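What you are looking at is a predicted structure, and each value in this text was computed from that prediction instead of being measured.
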Amino acid sequence: MVPKPFKIRSPSSGRKYGVAARSLKELRSKACVLLQLPVSDCQLYLYEDGTEVTEDYFQHVPDHSELILLPPGESWHGYVSEIQRFLDAFSNRTDDIVLAARGLLSDEEAPKRRKLLADLIQNLSENISAENREDDGKWFEGVESRFKTKSSYMRYSCESRIRGYMKEVGNYASALHPAVQAKFKRIAEVMLERLKLERYNGSYFDRREDEKVCLCTPEGWFSCQGPFDMEHCLCRHSINPYGNKESRVLFSTWNLDHVIEKKRTVLPTLAEAFKDRDGREVNWEYFYQLLFTVENLKLVHIACHKKGNHNLSCDKPKIFRKRKQPCKIRK
């Protein structure tokens, strides 16, 4: 294999080093030696947009790409990160800088420079730590007045998605044969009661919740979990809808994707189970997990949402469970 050439640098220095390597492991090792950093846990990112270089992505990175080497605990969000580092020294004048950047943007025609200025404005306008409406009024523009905190709105956003899935279950029941429909509806009612107890799993989007039940960090960062047929997102998509209005709106395009498909597989399998019970009890909790929980839901960027047939089926041993036998009274 021919070595791939790269330019390596650290975020604190403008000096670049030419490095050629056949694998990510080799590249990281050489980069750490040059920049005098420990090899363990250091990561490489594309300078331009902050995409993490993984083993799978390594061969797809263009030759001579500029990469940033970061030690544990540091992050890189593309060239905006470098601009932000520079502007930190002028943090007390952020509003003036944003105003000036907006003025430049209004007259700028070159697409790349327009994107640079737009990203700069968005980055400097973020108020991630603010939670209450009075502390970040711009974030709440277009949001109903009943929502007083960002987390309460984000929880509601997740609940709305789950409620939509529950509505689809009800609509599916109405198209079934009457003999199956009644049984299907009874199961749907049980699922609805569980959802109410779980508050429609709104905790998935609520950064105040424990990280074990929330899909974001305590600061509000969400990461794409990749297409249904992959373990991870190769592009490392991430977003913080708590940061500003634009990110909040953009996050609405991210999907909670059913790995085992809801309409093509889960609901038809549930309906069919009532026709072939043979004395067994339908395991409604298994179907509940497939329809409404992260046991079967993946949060994905719109570019990672594959809408074709997933060609996956339900786990047959989990469709039914044995009926509990009444205890016999000993004489």
Side-chain angles (χ1 to χ4, degrees), residues 1-98 100-105 108-126 128 217 219 221 223-224 232-240 243 247:
M1 182 185 297
V2 178
K4 289 174 63 66
F6 300 96
K7 296 176 182 177
I8 306 294
R9 52 166 291 193
S10 69
S12 58
S13 173
R15 184 176 179 183
K16 304 172 188 177
Y17 298 87
V19 178
R22 295 178 174 83
S23 68
L24 177 59
K25 183 179 180 180
E26 181 185 356
L27 177 62
R28 187 160 48 214
S29 177
K30 290 182 177 180
C32 286
V33 170
L34 284 170
L35 299 178
Q36 299 181 345
L37 288 173
V39 177
S40 60
D41 298 326
C42 280
Q43 300 294 336
L44 287 161
Y45 300 84
L46 289 182
Y47 167 77
E48 185 176 356
D49 62 7
T51 300
E52 182 179 356
V53 181
T54 62
E55 288 289 355
D56 292 331
Y57 187 46
F58 176 81
Q59 293 300 333
H60 301 286
V61 179
D63 289 354
H64 304 290
S65 291
E66 187 172 338
L67 306 179
I68 294 285
L69 181 69
L70 294 181
E74 293 192 26
S75 60
W76 183 262
H77 303 294
Y79 51 75
V80 173
S81 293
E82 189 161 53
I83 295 172
Q84 182 66 63
R85 288 170 185 270
F86 173 76
L87 294 176
D88 279 344
F90 307 96
S91 57
N92 61 330
R93 299 184 59 193
T94 296
D95 291 342
D96 294 337
I97 295 169
V98 170
R102 283 178 175 153
L104 291 171
L105 182 60
E108 183 58 66
E109 297 296 334
K112 287 187 176 180
R113 287 197 290 271
R114 285 185 61 84
K115 185 178 188 305
L116 174 63
L117 289 167
D119 287 350
L120 172 62
I121 292 169
Q122 179 171 324
N123 185 266
L124 292 178
S125 299
E126 286 187 343
I128 292 174
T217 68
E219 294 78 25
W221 285 98
S223 296
C224 174
H232 306 287
C233 169
L234 296 181
C235 295
R236 301 293 181 181
H237 296 120
S238 64
I239 190 171
N240 192 330
S247 295

Would you say I68 and L44 make side-chain contact, with heavy atoms under 4.5 Å?
-> no
Is the number of heavy atoms from other residues, nucleotides or ligands under 6.0 Å of E55 CD greater than 12?
-> yes
Rounded distance [0.5 Å steps], OG in S223 versus NE2 in H232 | 11.5 Å
Side chains of L27 and L67: closer than 4.5 Å at any heavy-atom pair?
-> yes
So, E219 versus T217: side-chain donor-acceptor pair below 3.5 Å or not?
-> yes
Could you please spell out the steps behind the side-chain contact (heavy atoms from CB on, under 4.5 Å) verdict for Y17 and K30?
-> CA-CA 10 Å; Y17 298 87; K30 290 182 177 180; over 6 Å; no
So F6 and Y47, ring-ring contact (aromatic ring centres under 6.0 Å, His included) or not? Walk me through it.
-> CA-CA 11 Å; F6 300 96; Y47 167 77; over 10 Å; no
Between P71 and L37, the two heavy atoms sitting closest are CD-CD1, 4.4 Å
Do K4 and Q59 pass the side-chain contact (heavy atoms from CB on, under 4.5 Å) test, and can you show the C-alpha distance, the side-chain angles, and the key distance before you say yes or no?
-> CA-CA 8 Å; K4 289 174 63 66; Q59 293 300 333; 3.6 Å; yes
What residues, two or more places apart in sequence or in another chain, satisfy side chain to side chain donor-acceptor pair (under 3.5 Å) together with T51?
-> D49
Which heavy atom in T54 sits nearest to a heavy atom in R236, and how many Å separate them?
-> CG2-NH2, 2.8 Å
Nearest non-hydrogen partners of I239 and S247, listed with the distance = CD1-O, 3.6 Å
Among E26, R22, R28, side chain to side chain contact (heavy atoms under 4.5 Å, CB included) partner for L24 = R28
Identify the heavy atoms of C233 and C224 that sit nearest to each other, and give their distance.
-> CB-O, 3.4 Å
Do you know which two heavy atoms are closest between F58 and A21, and how far apart they sit?
-> CZ-O, 3.7 Å
Nearest 0.5 Å, what's the CZ-CZ distance between R15 and R9?
-> 13.0 Å
Distance (rounded to the nearest 0.5 Å) between K16 NZ and E66 CD = 3.5 Å
Side chains of P5 and D63: closer than 4.5 Å at any heavy-atom pair?
-> yes
